[in-house]
Amino acid sequence: MEARRRALLVALAVLALAAAAEGYNITKILAAYPEYSQFNKLLTQTRLAQDINKRRTITVLVVANGDMGSLAGGGRTLQTIRHMLQIHVLVDYYGGKKLHQLAHGVTACSSMFQHRGGKVTFTAEDAEDSAPSSAFVKSVKEIPYDLAVLQISKVLASPEAEAPVAAPAPVNITELLSKKYCKSFAGLLAADADAYSTINATKDNGLTLFCPVDSAVASFMPKYKNLTAKGRTAILLYHAVPDYYSLQLLTSNSGKVSTLATSNVAKKDYSFDVEKDGETAELDTKVNSASVTYTIKDDDPLAVYAISKFLQPKELYKIAKDIAPAPAPEGPKKKKTTKKKPSAAASPSDDDDDDDSAADSPDDSSSDDATADKDGAAPSAVAGWVTAAVAVASALALAA
């Protein structure tokens, strides 16, 4: 009996660690509280929610719909609203208990909006009358030492954050790409009204676009022409990430990123992994990989990078055999020749047609766009933790 109890505790601990490994999503958390819907909507519109989700230690000071004050008024650009929201995001963990333990009821902490002094002060209700104050109301959600969501009584005042910010200067995406190494990719975008309008509507609010160089487009064109219209739109949107990533951020924050195809193609993942490759970044789709070879534009909120290959999503193409997990042995087999891994990234002027050998042709499907062959896909992180928990529980039960 004692062994079973220990096994259950171990299993629960493992599952808790699995949940922590999955991270958090601030918009999903706030979606459970309709009284903060306006604040949550602005986090999404300004794409500040994505920056919050990337951090591991953070406190978000939310305001109820009836207390939005200056944030509820119109006439401000999204960049100004973003600045106003940023002072409500503290880059440290302050749970309700920690706030009440403060010696003087006041704390100074760096926020995601950096004032000239580098600090923003959250002032308690009993502070001096001359100081703007916003009272702590309650703790909404806490993930100990990682995330705290606290309600405060009103919007924090900051003349610097509220200062008008001019909208970004207009950028013509196809014109920008045509001036560098991506004239062919620019032509594909211009010919696809859905992909172009989606990317164009996103570029002023946070966008990172990866454009295959002309030689990479030429190598991929036979496969591109074989896609359905919906598949072509999806693969173009797959090259656009709805968030701004400087090259430094790309190389220092390796991990999975979602693309515009993720939010525009129903029930499809359309993500890829970003990995550091020396001083640059490599994009791994599980079907093929490409390296960033040139920075075309890097100016918040828009970053455009030339890449060595045309990215092939696993939702449209089979996972490359040299990347997928090896099957279990089934007895003696005939000797096979091992397929070589795609070569390292070429410079923008290099011709490279390895795309044809890196992945199979699109799968035949009755749906409008081709679907991925997921037989070789790796299990999710949570599934791995659950398997581990079951194994530990079984071992302890046997030992009893």
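Owing to the predicted nature of the structure, the values given are computational and were not obtained by experimental measurement.
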*Asks:* Return yes if a side-chain donor-acceptor contact under 3.5 Å exists between Asp67 and Ser153, otherwise no.
*Replies:*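 No donor-acceptor contact under 3.5 Å links the two side chains.
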*Asks:* So, do Leu283 and Val274 sit near enough that their side-chain heavy atoms are less than 4.5 Å apart?
*Replies:*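 The answer is yes; the side chains approach within 4.5 Å.
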*Asks:* Looking at CG of Leu188 and OH of Tyr224, how far apart are the two atoms once the value is rounded to the nearest 0.5 Å?
*Replies:*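 OH of Tyr224 is found 4.5 Å from CG of Leu188.
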*Asks:* Between Tyr270 (side chain) and Ala234 (backbone), is there a donor-acceptor pair under 3.5 Å?
*Replies:* no
*Asks:* Would you name the heavy atoms of Leu71 and Leu42 that are closest together and state the gap between them?
*Replies:*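 Result for this residue pair: O-CD1, 3.9 Å.
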*Asks:* Please name all residues satisfying salt bridge (charged side-chain N to carboxylate O under 4.0 Å, His left out) with Lys225, sequence neighbours left out, ordered by chain then number.
*Replies:*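 So Lys225 forms no salt bridge (charged side-chain N to carboxylate O under 4.0 Å, His left out) with any residue.
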*Asks:* Do the side chains of Asp92 and Thr57 get nearer than 4.5 Å, heavy atoms only?
*Replies:* yes
*Asks:* Report the residues that fulfil side chain to side chain contact (heavy atoms under 4.5 Å, CB included) with Lys28, sequence neighbours left out, ordered by chain and then residue number.
*Replies:* Asn25
*Asks:* Test salt bridge (charged side-chain N to carboxylate O under 4.0 Å, His left out) on Asp194 and Lys230 and set out the steps.
*Replies:* CA-CA 9 Å; Asp194 290 339; Lys230 187 176 180 180; over 6 Å; no
*Asks:* If you measure from CE on Met84 to OG1 on Thr46, what distance do you get to the nearest 0.5 Å?
*Replies:*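 That separation rounds to 11.5 Å.
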*Asks:* Of all residues at least two apart in sequence or in a different chain, which pass the side chain to side chain contact (heavy atoms under 4.5 Å, CB included) check with Glu279?
*Replies:*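 Partners of Glu279 by the side chain to side chain contact (heavy atoms under 4.5 Å, CB included) criterion come out as none, since no residue qualifies.
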*Asks:* Are Tyr317 and Lys223 packed together at the side-chain level, in the sense that at least one heavy-atom pair is separated by less than 4.5 angstrom?
*Replies:*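 Result yes, sub-4.5 Å side-chain heavy-atom pair found.
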*Asks:* The criterion is side-chain hydrogen bond (donor to acceptor under 3.5 Å, both in side chains); which residues satisfy it with Thr59, sequence neighbours excluded?
*Replies:*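 Counting only residues at least two positions away or on another chain, Thr59 forms no side-chain hydrogen bond (donor to acceptor under 3.5 Å, both in side chains).
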*Asks:* Can you find a pair of side-chain heavy atoms, one from Leu250 and one from Phe210, that are under 4.5 Å apart?
*Replies:* yes
*Asks:* So does Thr27 get a backbone contact from the side chain of Asn40, meaning a donor-acceptor N/O pair under 3.5 Å?
*Replies:* yes
*Asks:* Hey, could you give me each pair passing disulfide bond (SG atoms under 2.5 Å apart) that has a residue in residues 196-232? Not counting sequence neighbours.
*Replies:* Cys182-Cys211
*Asks:* Going through the distances and angles, do Lys183 and Val217 end up as a side-chain contact (heavy atoms from CB on, under 4.5 Å)?
*Replies:* CA-CA 10 Å; Lys183 185 175 182 179; Val217 174; over 6 Å; no
*Asks:* May I ask you to check whether Thr285 and Asn288 show a side-chain donor-acceptor distance below 3.5 Å?
*Replies:* yes
*Asks:* Looking at every non-hydrogen atom in both residues, tell me the closest pair between Gln151 and Ala64 and how far apart they are.
*Replies:* NE2-CB, 3.9 Å
*Asks:* Using the rule side chain to side chain contact (heavy atoms under 4.5 Å, CB included), only one of Ile87, Ile81, Val89 pairs with Leu85; which is it?
*Replies:*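 The side chain to side chain contact (heavy atoms under 4.5 Å, CB included) with Leu85 is passed solely by Ile81 among Ile87, Ile81, Val89.
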*Asks:* For Tyr94 and Leu61: C-alpha separation, side-chain torsions, deciding distance, then whether side-chain contact (heavy atoms from CB on, under 4.5 Å) applies.
*Replies:* CA-CA 10 Å; Tyr94 286 93; Leu61 307 176; over 6 Å; no
*Asks:* Taking ring pair (Phe, Tyr, Trp, His ring centres under 6.0 Å) as the test, write out the residues that go with Tyr93, two or more places apart.
*Replies:* Tyr145
*Asks:* Looking at CD of Glu282 and NZ of Lys309, how far apart are the two atoms once the value is rounded to the nearest 0.5 Å?
*Replies:* 9.5 Å
*Asks:* Are the side chain of Ser308 and the backbone N or O of Ser291 linked by a donor-acceptor pair below 3.5 Å?
*Replies:*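 Indeed, once roles are kept as given, a pair shorter than 3.5 Å links the two residues.
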*Asks:* Looking at every heavy atom in both Val287 and Gln312, which two are closest together, and how far apart are they?
*Replies:* CB-O, 3.3 Å
*Asks:* Are the side chains of Tyr181 and Thr293 in contact, using a 4.5 Å heavy-atom criterion?
*Replies:* no
*Asks:* Specify the closest pair of heavy atoms between Tyr245 and Thr208, including all atoms of both residues, with the distance to one decimal.
*Replies:* N-OG1, 2.8 Å
*Asks:* Would you name the heavy atoms of Leu177 and Ala186 that are closest together and state the gap between them?
*Replies:* CB-CB, 3.7 Å
*Asks:* Under 3.5 Å, is there a donor-acceptor pair between the side chain of His239 and the main chain of Leu311?
*Replies:*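 Judged by distance alone, yes, a pair lies under 3.5 Å.
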*Asks:* With distance as the sole test, does Thr280 use its side chain to make a donor-acceptor pair with the main-chain N or O of Asp277 at under 3.5 Å?
*Replies:*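 No; zero donor-acceptor contacts below 3.5 Å.
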*Asks:* Could you tell me which non-hydrogen atom of Leu237 sits nearest to which non-hydrogen atom of Thr259, and how far apart they are?
*Replies:*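 Scanning both residues, the minimum pair turns out to be O-CB, 3.8 Å.
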*Asks:* Output all residues satisfying side-chain hydrogen bond (donor to acceptor under 3.5 Å, both in side chains) with Asp299, sequence neighbours left out; order by chain, then residue number.
*Replies:* none
*Asks:* Among residues at least two apart in sequence or on other chains, which ones pass side chain to side chain contact (heavy atoms under 4.5 Å, CB included) with Asp298?
*Replies:*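 Side chain to side chain contact (heavy atoms under 4.5 Å, CB included) check on Asp298 returns Tyr244, Ser246, Thr295, Ala303, Tyr305.
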*Asks:* How many angstroms lie between atom OG of Ser139 and atom NZ of Lys141, to the nearest 0.5 angstrom?
*Replies:*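 With rounding to 0.5 Å, OG (Ser139) is 10.0 Å from NZ (Lys141).
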*Asks:* Taking the side chain as every heavy atom from C-beta outward, state whether Ile199 and Leu236 have any atom pair closer than 4.5 Å.
*Replies:* no
*Asks:* Determine whether Val241 and Phe272 make a side-chain contact, defined as any pair of heavy atoms from C-beta on separated by less than 4.5 Å.
*Replies:*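 A side-chain contact under 4.5 Å exists here.
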*Asks:* Would you say the side-chain atoms of His88 pair up with the backbone N or O of Leu156, donor to acceptor, closer than 3.5 Å?
*Replies:*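 Judged by distance alone, yes, a pair lies under 3.5 Å.
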*Asks:* Ignoring hydrogens and geometry, is there a side-chain-to-backbone donor-acceptor pair from Thr202 to Leu207 under 3.5 Å?
*Replies:*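 No; zero donor-acceptor contacts below 3.5 Å.
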*Asks:* Between the main-chain N or O of Ser184 and the side-chain N or O of Asp214, is there a donor-acceptor pair closer than 3.5 Å?
*Replies:* yes
*Asks:* For Ser271, enumerate each residue passing the side-chain hydrogen bond (donor to acceptor under 3.5 Å, both in side chains) test, keeping only those at least two apart in sequence or located in another chain.
*Replies:*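 Ser271: side-chain hydrogen bond (donor to acceptor under 3.5 Å, both in side chains) contacts with Asp269.
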*Asks:* Is there a side-chain contact between Asp51 and Arg55, using heavy atoms and a 4.5 Å cut-off?
*Replies:*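 Result no, sub-4.5 Å side-chain heavy-atom pair not found.
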*Asks:* At what distance, to the nearest 0.5 angstrom, does CD1 of Ile26 lie from CG of Leu48?
*Replies:*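 If I round to the nearest 0.5 Å, the distance is 9.5 Å.
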*Asks:* Can you list the residues that meet the side-chain hydrogen bond (donor to acceptor under 3.5 Å, both in side chains) rule with Asp192, with sequence neighbours excluded?
*Replies:* Thr233
*Asks:* Linking Ile, Leu, Val, Met, Phe, Trp and Tyr through side-chain heavy atoms less than 4.5 Å apart, which residues share a cluster with Val137?
*Replies:*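 Answer for Val137: none, a lone residue.
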*Asks:* Using the side chain to side chain contact (heavy atoms under 4.5 Å, CB included) criterion, which residues pair with Ala72? Sequence neighbours excluded.
*Replies:*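 Partners of Ala72 by the side chain to side chain contact (heavy atoms under 4.5 Å, CB included) criterion, ordered by chain and then number, come out as Gln38, Met68.
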*Asks:* Would you compute the distance between atom CD1 of Ile58 and atom CD1 of Ile143 and round it to the nearest 0.5 angstrom?
*Replies:* 11.5 Å
